[in-house]
Amino acid sequence: MEEADLFYRQLPKVELHAHLNGSVSFSTIEKLVARKPHLNIEHGMTAIRSGQRRTLDEADIPIICQRKRRRGQRAGCFVRTRRRCFQVFKVIHQLVDTEEDILMVAKDVIREFAADGVKYLELRSTPRKEKTTGMTKRRYVETVIEAIRQCKNEGVDIEVRFLVAVDRRNGAEVAMETVKLAEDFMLSTGGLVVGLDLSGDPTVGHGRDFLPALQKAKNCGLKLSLHLSEVPSQADESELLLNIPPDRIGHGTFLHPEVGGSQSLVDKVRKHNTPLELCLTSNVKGQTVSSYSQHHFLYWYQMGHPSVICTDDKGVFCTDLSQEYQLAASTFNLSQEDMWTLSHKAIDCTFAPDLQQQLHQKWLELQPTLFQL
Ligand code: IMP
Ligand code: ZN
């Protein structure tokens, strides 16, 4: 391993934006495929490897995407590409449909983040009911919590908290039920469930439909992390959702005026100092950002705004958090000290205030050895 790789692997890190089923690694997929050979699923159907960005363009995206992108044509292009990404989750969900699968997947994902030097992880996942296997949404969440507890008992060196996810595709009524479920678990798990996520295909539904559920979640003490302005033309929705306000923002790709957002959206984010969860490879491979150097990380980082580097779906996008830190450093010419500060500041953006002091301590203990590499 090269010295720079080793630095980013050993750098203590905080992961705040990781969807459970998007984080499933190649080796876990292999185990799942062996359990369900009848599904005829190959790894190429569950991950987008490097260089596959172009394949997405060519395979399914209308011809306008291959022409020089003119402003008015961009939205349609993004929509089709994102949809393609969401097909991948459907395949993974077929492979992960029993409590046994969830337990294995969650434990593997937690261990992998720990092996990558992540000291604090917030996992998020959408509770799923599977008629064929008898899995209920409640058992789904219980199983993820069980995985977190088992990893802790086995001495895996990582603190894990859980966000219950609302998939916007399922509408307002399901969102409200999910908030109730999340509240129950927040109260019964001794603080392992800390918040609610709003995610799913951003081109489906409108954020206004979820306002009552999100407001209820906030009122009962759940922290809110909302996928916001992930695709263009969501300015109205973002305006509404930022009024709640959320505790963190996922992506926020099209918030700023240079990409069709507005100063008023930026001002709202700045006013509440709402941290952004930024996922470079996810956005480049999902084609909401044209290249690493064009990523909005720089816009927010240069402003000194709380910006946390995350993976989103490390399995689907074939990455890990060390690699994302290294990519941000090389793309934006940041030093190892800058990256240290970035990972250290991420602690203040977690939804576990009770752990923050302990995490700061850990970072300070690890600092001398890291910089003697
Ligand atoms: P799960 O919730 O653990 O099943 O993880 C997969 C789910 O996360 C997908 O079905 C989406 O609802 C959500 N998801 C993963 N990546 C993204 C993203 O980039 N944008 C919005 N939603 C996402
Ligand atoms: Zn996400």
Side-chain angles (χ1 to χ4, degrees), residues 15-25 28-29 32 46-48 56 78-79 81-97 101-106 108-110 121-130 135 137 140-141 143-145 147-148 162-171 174-175 178 181-182 195-205 207 210 224-231 234 237 241 246 248-254 276-289 308-319 321 324:
E15 170 64 82
L16 300 182
H17 188 135
H19 299 270
L20 178 61
N21 286 294
S23 302
V24 186
S25 65
T28 308
I29 291 283
L32 292 163
T46 64
I48 301 167
L56 284 183
F78 287 125
V79 167
T81 311
R82 292 308 287 169
R83 288 226 170 105
R84 220 9 240 279
C85 288
F86 286 97
Q87 306 285 328
V88 173
F89 297 117
K90 285 194 188 146
V91 179
I92 300 173
H93 287 161
Q94 277 184 279
L95 280 172
V96 185
D97 66 350
D101 297 334
I102 303 283
L103 188 70
M104 178 179 78
V105 161
D108 282 5
V109 166
I110 292 169
L121 163 67
E122 274 173 28
L123 264 185
R124 57 186 78 189
S125 194
T126 324
R128 224 169 348 113
K129 175 178 159 184
E130 290 287 350
M135 184 167 69
K137 291 186 179 185
Y140 185 103
V141 179
T143 309
V144 178
I145 299 296
I148 296 173
F162 187 58
L163 309 184
V164 180
V166 168
D167 184 340
R168 37 193 303 153
R169 197 170 45 121
N170 299 329
V174 172
T178 309
L181 194 69
L196 193 86
D197 151 84
L198 176 68
S199 56
D201 188 338
T203 64
V204 175
F210 301 105
L224 290 184
S225 170
L226 309 182
H227 283 62
L228 222 77
S229 281
E230 198 180 346
V231 291
Q234 284 189 303
E237 172 180 301
L241 296 179
R248 285 199 315 252
I249 294 167
H251 304 299
T253 314
F254 295 92
L276 270 97
E277 304 155 358
L278 301 172
C279 315
L280 278 73
T281 298
S282 162
N283 297 155
V284 170
K285 287 195 174 177
Q287 287 193 273
T288 52
V289 168
V308 185
I309 293 181
C310 303
T311 53
D312 206 10
D313 300 291
K314 74 174 179 61
V316 169
F317 296 116
C318 304
T319 189
L321 195 54
E324 295 300 298

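Every number for a ligand or one of its atoms is a count from 1 in the order of the listing.
- Considering every non-hydrogen atom in both E230 and G200, the closest pair reads OE1-O, 4.5 Å.
- At least one donor-acceptor pair under 3.5 Å links the side chain of E15 to the backbone N or O of H17.
- Counting only distance, with no hydrogens or angles, the side chain of E324 and the backbone of C279 share no donor-acceptor pair below 3.5 Å.
- E277 contributes atom CD, which lies 10.5 Å from atom CG of L228 (distance to the nearest 0.5 angstrom).
- In L20, the parts holding a heavy atom less than 4.0 Å from any atom of ligand 1 are both the side chain and the backbone.
- Vertex the Zn ion (ligand 2), arms ending at OD1 of D312 and NE2 of H227: the angle is 170° after rounding to 10 degrees.
- Within ligand 1, counting atoms from 1 as listed, the ones closer than 4.0 Å to a heavy atom of S125 are 1 (P), 2 (O), 3 (O).
- Aromatic ring orientation, F86 versus F89: tilted (interplanar angle from 30° to 60°).
- Taking distance alone, with nitrogen or oxygen atoms compared against 3.5 Å, S282 stays at or beyond that limit from ligand 1.
- Of all the atoms in ligand 1, the ones that sit under 4.0 Å from a non-hydrogen atom of S199 are 13 (C), 22 (N).
- Those atoms of ligand 1 with a heavy atom of D167 less than 4.0 angstrom away are 12 (O).
- Judged purely by atom type and a 3.5 angstrom limit, K129 has no side-chain atom pairing as donor or acceptor with the backbone of K137.
- With ligand atoms numbered from 1 in the order given, ligand 1 contributes 1 (P), 3 (O), 4 (O), 5 (O) to contacts under 4.0 Å with heavy atoms of N21.
- With a 4.0 Å heavy-atom cut-off, ligand 1 is reached by no atom of A165.
- Here E230 fails the criterion, with no N, O or S atom under 2.8 Å of the Zn ion (ligand 2).
- Counting only distance, with no hydrogens or angles, the side chain of R168 and the backbone of G205 share a donor-acceptor pair below 3.5 Å.
- For the pair Q234 (side chain) and P202 (backbone), a donor-acceptor distance under 3.5 Å is present.
- The ligand atoms of ligand 1 that sit less than 4.0 angstrom from a heavy atom of F86 are 11 (C), 20 (N), 21 (C), 22 (N), 23 (C).
- Looking at E237, its side chain does come within 3.5 Å of a backbone N or O of G207 through a donor-acceptor pair.
- The Zn ion (ligand 2) has an N, O or S atom of H19 under 2.8 Å away, backbone or side chain.
- Taking only nitrogen or oxygen atoms, main chain and side chain alike, D312 reaches within less than 3.5 Å of ligand 1.
- Residue H19 holds the heavy atom nearest to atom 23 (C) of ligand 1 of all those in H19, H17, E230.
- R169 contributes no side-chain N or O that, together with a main-chain N or O of S199, makes up a donor-acceptor pair within less than 3.5 Å.
- Only the side chain of H93 comes within contact range of ligand 1, with a heavy atom under 4.0 Å; no backbone atom does.
- Distances between N or O atoms of G200 and those of ligand 1 include at least one value under 3.5 Å.
- Distances below 4.0 Å separate heavy atoms of D313 from the following atoms of ligand 1: 15 (C), 16 (N), 17 (C).
- The proximity of H251 to ligand 1, defined as any non-hydrogen pair under 4.0 Å, is limited to the side chain.
- The option from V88, T126, L123 that lies nearest to atom 2 (O) of ligand 1, judged by heavy atoms, is T126.
- Remark: the backbone N or O of L163 is not paired with any side-chain donor or acceptor of E122 at under 3.5 angstrom.
- For the Zn ion (ligand 2), the set of nearby N, O or S atoms under 2.8 Å includes none belonging to H251.
- Tested against S282, the residues D313, D312, T319, T288 include a single side-chain hydrogen bond (donor to acceptor under 3.5 Å, both in side chains) partner, D312.
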